[in-house]
Structures are given as structure tokens and as C-alpha cells.
Amino acid sequence: MDRAFNIVLVEDNPIDIMILKKTFFNINAQCAFTEFADGEKALSYLETLKGNLSEDMPDMIITDLHLPRMNGHALLSILKADDSLKGIPVVMLSNSNAESDIKEAYNLNVNSYIVKPLNLGVYKETIRSFWNFWTGAASLPDPTQGMKKAV
């Protein structure tokens with residue numbers, strides 16, 4: 001990829017944001033984050049990008065499950081029902097390991113559900129594996145291609 005991997009991060013806990021961003025930095029991940037503390041703000045931002053036929057559509061959305069105003073399941077449901085947004089991979093990164101939360105996320109077509117490890121060493125390795133998979137092994141469409149107007 002010739003550009004930074006563009007990630008929309010939906011997380012309301014500033015400590016979790018700091019740890020995630022520091023971990024990405026420590027593994028030399030070439031990425032840029034746009035952060036939102038709740039699903040409504042993230043959705044509004046994505047709708048604006050979509051409406052402007054923006055070339056800044058994210059490569060991925062990472063969302064927590066438990067958020068104010070609109071939780072991760074509600075956000076996921078809306079994203080996967082929208083023809084212009086459903087192709088963006090959505091990864092749920094949550095403290096919840098409840099089977100019902102995980103099942104619901106997959107029923108709503110989440111692309112991956114990761115339970116946040118409590119051990120920082122394991123967390124770093126989890127993020128490294130995540131990064132290597134999504135930027136190396138997985139083939140993703142260019143998010144700007146579907147947004148350009150036909151000439």
C-alpha cells in the first residue's frame with residue numbers, strides 16, 4: 001500500500017485509545033486514525049464522506065461494543081445495511097467475552113471480533129497479528145474506488 005492505512009476508531013475510553021495507538025506505533029504500523037467516542041458521531045462522519053464522494057473513506061473501522069449513545073452492535077447493523085459502507089471491514093475490539101455479544105456481532109456480519117487481552121504483552125502480539133493479517137494476508141478493495149463518480 002502506497003499510503004497510510006486509514007482506520008476509523010470508535011472507542012470511548014481514552015486509556016484504551018492511547019494503548020491501541022501506542023501499540024500500532026510500536027509495531028511500526030503505517031496507519032492514520034480518525035477517532036470517535038460514540039457510534040453516532042462515527043456514523044455521521046461516514047455519512048458525510050459518503051455524501052461528498054470522498055476519497056478519504058476508511059480502509060477499516062475498529063469499534064468497541066459498549067459505547068455511549070449508539071453501541072457497537074447498533075453501529076454495525078447500520079453499516080452492514082448500507083450499500084456504500086457495508087464493504088468496509090469492521091472489527092469489534094471489546095472487553096466483552098460474552099458469547100451472546102460475540103454471536104450478535106457475527107450475526108450482524110462483523111468481519112472480526114477480538115477480545116482485548118488484559119496482559120500488555122499479549123495485547124501487543126494480538127495487534128501485531130491483527131495488523132499482519134489485514135495488511136498482508138487479506139486482500140482489501142481500495143475504499144476510494146467505489147466512491148468516485150463515473151465520468
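Counting from 1, the numbers follow the sequence of the chain as shown.
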Can you check whether V10 reaches I62 side chain to side chain, under 4.5 Å on heavy atoms? no
Report the distance from atom OG of S96 to atom CD1 of I102, rounding to the nearest 0.5 Å. 6.5 Å
Between CZ on residue F25 and CD on residue Q30, distance to nearest 0.5 Å: 10.0 Å
Show, in sequence, the C-alpha distance, side-chain angles and deciding distance for I114 and M92, and conclude whether the side chain to side chain contact (heavy atoms under 4.5 Å, CB included) test is met. CA-CA 6 Å; I114 300 170; M92 199 159 285; over 6 Å; no
Just grab all the salt bridge (charged side-chain N to carboxylate O under 4.0 Å, His left out) pairs involving residues 87-106, residues at least two apart or on different chains. none
Given side chains that start at C-beta, do those of E35 and I17 come closer than 4.5 Å, heavy atoms only? yes
Please indicate whether K41 has more than 12 foreign heavy atoms, meaning atoms of other residues, nucleotides or ligands, lying under 6.0 Å from its NZ. no
Looking only at heavy atoms, the pair that brings E47 and D82 closest together is OE2-OD2, 3.6 Å
Tell me, with the steps shown, if E11 and K116 meet salt bridge (charged side-chain N to carboxylate O under 4.0 Å, His left out). CA-CA 12 Å; E11 172 63 70; K116 295 175 187 173; 2.8 Å; yes
Minimum heavy-atom separation for L140 to P89, with atom names? CD2-CG, 3.7 Å
Taking every non-hydrogen atom, the tightest pair across L67 and A37: CD2-O, 4.0 Å
Side chains of I61 and L46 in contact at under 4.5 Å (non-hydrogen atoms): yes
Under a 4.5 Å cut-off applied to non-hydrogen side-chain atoms, are N6 and T34 in contact? yes
Do you know the tightest heavy-atom contact between A74 and N71? N-OD1, 2.8 Å
Do V110 and V91 have side chains that get closer than 4.5 Å, going by heavy atoms? no
Rounded to the nearest 0.5 Å, how far does CG of L120 lie from NZ of K22? 10.0 Å
Tell me, do E40 and L75 make a side-chain contact under 4.5 Å, heavy atoms counted? no
Look at the rings of F36 and Y45 and say which category their plane angle falls in: under 30° parallel, 30 to 60° tilted, over 60° perpendicular. tilted
Just by distance, no angles: are the side chains of K124 and N119 close enough, under 3.5 Å, to form a donor-acceptor pair? no
Quick check: F5 with W131 (ring centres under 6.0 Å apart)? yes
With heavy-atom distances below 4.5 Å as the criterion, would you say the side chains of T63 and L93 are in contact? no
Min side-chain heavy-atom separation F24-I7 under 4.5 Å: yes
CG (L43) and OG1 (T48) are apart, to the nearest 0.5 Å, by 9.5 Å
Among pairs that include at least one residue of residues 63-113, which meet ring pair (Phe, Tyr, Trp, His ring centres under 6.0 Å), considering only residues two or more places apart or in two chains? none
Output the distance between atom CD1 (I127) and atom NZ (K21), rounded to the nearest 0.5 Å. 14.0 Å
ILVMFWY network linking I15 to L20, side-chain heavy atoms under 4.5 angstrom: yes
What's the shortest heavy-atom distance between T23 and I19, and which atoms? OG1-O, 2.7 Å
Specify the closest pair of heavy atoms between I88 and K80, including all atoms of both residues, with the distance to one decimal. O-NZ, 3.4 Å
Could you go step by step and tell me if L79 and K86 meet the side chain to side chain contact (heavy atoms under 4.5 Å, CB included) rule? CA-CA 5 Å; L79 292 172; K86 68 181 177 184; over 6 Å; no
